[in-house]
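Taking it in order: structure first as structure tokens, then the write-up.
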Amino acid sequence: MTTKGKALDLTKVRNIGIIAHIDAGKTTTTERILYYTGMVHRIGEVHDGAATTDYMEQERERGITITSAAVTASWNGYQINVIDTPGHVDFTAEVQRSLRVLDGGIAVFDSVAGVEPQSETVWRQASGYNVPRMCFINKMDRTGANFERTVKMMVDRLKANPVLIQLPYGSGDEFAGIIDLMAMELVTYGNDLGTDIKRVPIPDHYLSIAENARREMIEKIVEVDEVLTEKYLMEEEISTEELKEGLRIGTIAGKLHPVLCGSALKNKGVQLMLDAVIDYLPSPLDIPAVRGTNPKTGEPVERKASNDEPLSALVFKIISDKYGRLAFTRVYSGVLKTGTMLYNPGKNVTERIGRIVRMFADRREDVEEVQAGDIAAIIGLKETFTGDTLCEQSTPILLETIKFPEPVIEVAIEPNSKADQDKMAIGLKKLAEEDPTFKVEVDPSLGQTKIKGMGELHLEVLVDRLKREYGVQATVGRPRVAYRETITREYTADTTLKRQSGGSGMYARVVVQFSPMTEEERKLANGEELLWLDEIKGGAITKEFARAAEKGAREAMEGGVIAGYPVVGVTARVIDGAMHEVDSNEMAFKIAGSMCLKDGVRAAAPVILEPSMRVEVTVPDDYTGSIVGDLAARRGVVEGMEPLGMGSTAIRASVPLAEMFGYATNLRNMTQGRGNFTMEFDKYTVAPKNIADEVIGGVR
């Protein structure tokens, strides 16, 4: 616990996340970390529904992690803030927001399955945030475990640069220990709890393998350090400390990825992994100063990880529970103290810091303050949500927010009674505050409530929480795909609004050239689906009227033009217009902007876009033919097949989401329960004409 007045030694702090594909063993690994750091006195197992960080009922029933759980632990005098993140693709936003505030990550891989699709996604997200990573190849005790194949897949699929600092001593039933290539010793375990650790010489029959692996390790490390390269070429002795420091520098720079191995379930390799976290992953001082902008001037601002700097903190997660709303916060600079008033520059509001708690999964300890580089949760914030900055009003800074993917699936939800209706409104509001990828929308024409999310499981869990936590009884419709609309060619729309009804009228004319957004323009748009460029010469309309027209166009895009789905990927250049000295006003231009957008989209060869999913199906070899045929029947394109050994094959394909509803049951039936699959959003693609016609006609 951070106590008031006691300075935190930032060199001894690690903010790390455990990231991986579903079922690779993240939560089991976290549970061992808690046990070996003395935070729990018995090991909770995921399969028993007793894991500490899986504290939601839905997590314990399904045996999966749904929300990121933050845990503070200590190891050899170091404070480690661990976040156990979900692996299921439907909860990928949880991973994304955790990576935004973490300094380092442990990527966990299943040694039997190797690098799986969601592993690729989280690795890509970590690369996007420049998070240094090390790799833990787990489940070495399972039949079919293949350390070398998993390492090769890291290179092929992740474009990683793995540096083996350990080798498994045997695999499957014969997995008996871990070879430490830094110390050139064999680490064995004398009991099932993994607490009786012995270091012995490497057996003779394994010595040449270990020596070759150590040589490769040294070659990779010296490549990223000029001093070590020179020593190596001069054939001078390089000490273990120099190798460790070289590997640390290469890891923090993102050039090297240390690889460890073990079996979290069998309590082998976790303490060595904790040692590696301290040795190779960065402290808050090792990462660059956080960058933001001054909200008043727009000037760039930097803050170093120091208590002496002005406060800057980012809220990265909201949880509502029976005790109130918790805002998980990373403090980048300064000291966050209870009872102080802080400024939220994004919302232009001030917030009082009621209580600060350090989280132990779902347990909490009150603390007086949180210092630079640390993570804790705040109770009592009213207006501050995920992605918001907190700072001092006298020295404001706006940190880069967190961007989340748009939902790809929606269902209608109807309360069963009037009492349920009020409870449902409260419950949906709180769930939407927690989860930025969960959207609630009321269709004004039908009076129907729609909920949107990242997948069937995502919405299923949220509806389940609505029933259990908020006591709402509701009827849920069948899932529907979140389609999009876009244009495929250029068109210039000249729209005039002219209304006269006695007295002052309304007049506005806007001429807008619409075109599909290019990749270069997409960067300029900074995540927006409409890039609005004011290219009017000679002041044909004022800046205020041009902004009003833009507002009208943006509102029209949300409601869709040809099928009621949001319009995306449009560049609009305002090239001309006209105004009347009496009849023109902002409302007139807002309406004209809306009409112009609709006119332009209708005339610019509009198409329907559908979400396409990256699917990987793992099946016994006997069934590959029928599964490939079934995927083709679902409008899927098979992109590759990879033999996994043990008589099974991984089939990778791109399939429209609309064709994947209920696929789990279908796959079970086709493979006698022996096949499994994973699916994640890939991109939006143009829907074929027959599908588009069904969407426009309301059949889909």
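Just so it is clear, the values below take in all heavy atoms, side chains as well, and ignore hydrogens, waters and symmetry mates. Here the structure is a predicted model, which is why all the values come from computation and not from measurement.
Here the side chains of Leu311 and Val331 are in contact, with some heavy-atom distance below 4.5 Å. Side-chain contact between Arg484 and Val607 is absent, with no heavy-atom pair separated by less than 4.5 Å. Residues Tyr343 and Glu392 form no side-chain contact, since every pair of their non-hydrogen atoms from C-beta on lies 4.5 Å or further apart. At a threshold of 4.5 Å between non-hydrogen side-chain atoms, the residues Ser654 and Arg614 do not count as touching. In this structure, Tyr483 and Leu609 have side chains that are not in contact, with every pair of non-hydrogen atoms separated by 4.5 Å or more.
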Would you please test Asn585 and Tyr507 for side-chain hydrogen bond (donor to acceptor under 3.5 Å, both in side chains) and show each step?
CA-CA 8 Å; Asn585 53 43; Tyr507 180 85; over 6 Å; no

Could you walk me through whether Glu410 and Lys439 pass the salt bridge (charged side-chain N to carboxylate O under 4.0 Å, His left out) test, one step at a time?
CA-CA 9 Å; Glu410 64 180 47; Lys439 299 281 168 61; over 6 Å; no

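Ring geometry for Phe589 against Phe545 counts as parallel: the plane angle stays under 30°, on a 0 to 90° scale with 60° as the upper cut.
A donor-acceptor pair under 3.5 Å is formed between the side chain of Glu309 and the backbone N or O of Lys304. Side-chain N or O atoms of Ser612 include none that pairs as donor or acceptor with a backbone N or O of Asp682 at under 3.5 Å. For the pair Asp583 (side chain) and Met506 (backbone), a donor-acceptor distance under 3.5 Å is absent. The closest donor-acceptor contact from the side chain of Asp388 to the backbone of Phe385 lies under 3.5 Å. Checked by atom type and distance alone, the side chain of Arg133 pairs as donor or acceptor with a backbone atom of Val131 at under 3.5 Å. With hydrogens and angles disregarded, no donor-acceptor distance shorter than 3.5 Å links the side chain of Thr329 to the backbone of Leu314. Glu485 contributes a side-chain N or O that, together with a main-chain N or O of Tyr565, makes up a donor-acceptor pair within less than 3.5 Å. Between the Ser119 side chain and the Val115 main chain, no donor and acceptor come within less than 3.5 Å of each other. The closest donor-acceptor contact from the side chain of Thr297 to the backbone of Glu299 lies under 3.5 Å. For the pair Ser312 (side chain) and Cys391 (backbone), a donor-acceptor distance under 3.5 Å is absent.
Electrostatic pairing of Arg573 and Glu535 counts as a salt bridge here, judged by a charged N lying under 4.0 Å from a carboxylate O. Checked for salt-bridge contact, Glu302 and Arg291 meet the test: a charged N lies under 4.0 Å from a carboxylate O. Checked for salt-bridge contact, Arg157 and Glu616 meet the test: a charged N lies under 4.0 Å from a carboxylate O. Ion pairing between a basic and an acidic side chain is recognised when a charged N comes within 4.0 Å of a carboxylate O; Lys452 and Glu441 show such pairing. Ion pair Glu529/Arg522 flagged as a salt bridge, since at least one NZ, NE, NH1 or NH2 atom sits closer than 4.0 Å to an Asp/Glu carboxylate oxygen. Checked for salt-bridge contact, Arg509 and Asp494 meet the test: a charged N lies under 4.0 Å from a carboxylate O.
Taking CG of Leu431 as the start and CD of Glu433 as the end, the distance is 9.5 Å to the nearest 0.5 Å. In this structure, CD1 in Ile375 is found 12.5 Å from NZ in Lys317, a value given to the nearest 0.5 Å. Residue Thr685 holds its OG1 atom at 5.0 Å from CD of Glu610, rounded to the nearest 0.5 Å. Taken from CE in Met153 to CD in Glu120, the straight-line distance is 8.0 Å, to the nearest 0.5 Å. Annotation: the span from Gln513 atom CD to Leu533 atom CG amounts to 10.0 Å, rounded to 0.5 Å. Taking OG1 of Thr384 as the start and CD of Glu351 as the end, the distance is 3.5 Å to the nearest 0.5 Å.
When all heavy atoms of Ala553 and Leu530 are compared, the pair lying nearest together is CB-CD2, 4.2 Å. Between Pro516 and Ile487, the shortest heavy-atom contact is CG-O, 3.7 Å. The shortest non-hydrogen separation linking Ala482 to Pro611 is O-CD, 3.9 Å. A pairwise comparison of heavy atoms in Trp123 and Leu158 identifies NE1-O, 3.5 Å as the closest pair. Val512 and Ala572 make their closest contact through CG1-CB, 3.6 Å (heavy atoms, listed as atom of the first residue, atom of the second, distance). Residue Val628 comes nearest to Met641 through the heavy atom pair CG2-SD, 4.1 Å, listed as atom of the first residue, atom of the second, then distance.
Looking at residues two or more places apart in sequence or on another chain, you find no salt bridge (Lys or Arg N to Asp or Glu O under 4.0 Å) involving Lys255. Residues meeting the salt bridge (Lys or Arg N to Asp or Glu O under 4.0 Å) test with Glu550, sequence neighbours left out: Arg554.
Heavy atoms of other residues, nucleotides or ligands lying less than 6.0 angstrom from CE of Met587 number 12 at most. Taking a 6.0 Å sphere around NZ of Lys347, one finds it holds more than 12 heavy atoms contributed by other residues, nucleotides or ligands.
Between Ile575 and the choices Asp534, Ile536, Val511, the side chain to side chain contact (heavy atoms under 4.5 Å, CB included) rule is met once, by Val511. Just one of Val290, Asp103, Val315 meets the side chain to side chain contact (heavy atoms under 4.5 Å, CB included) condition when paired with Arg330; it is Asp103.
Defined by atom type and a distance below 3.5 Å, a donor-acceptor pair is missing between the side-chain atoms of Thr571 and Ser515. Side-chain contact, Tyr491 with Asp599: no donor N or O sits under 3.5 Å from an acceptor N or O.
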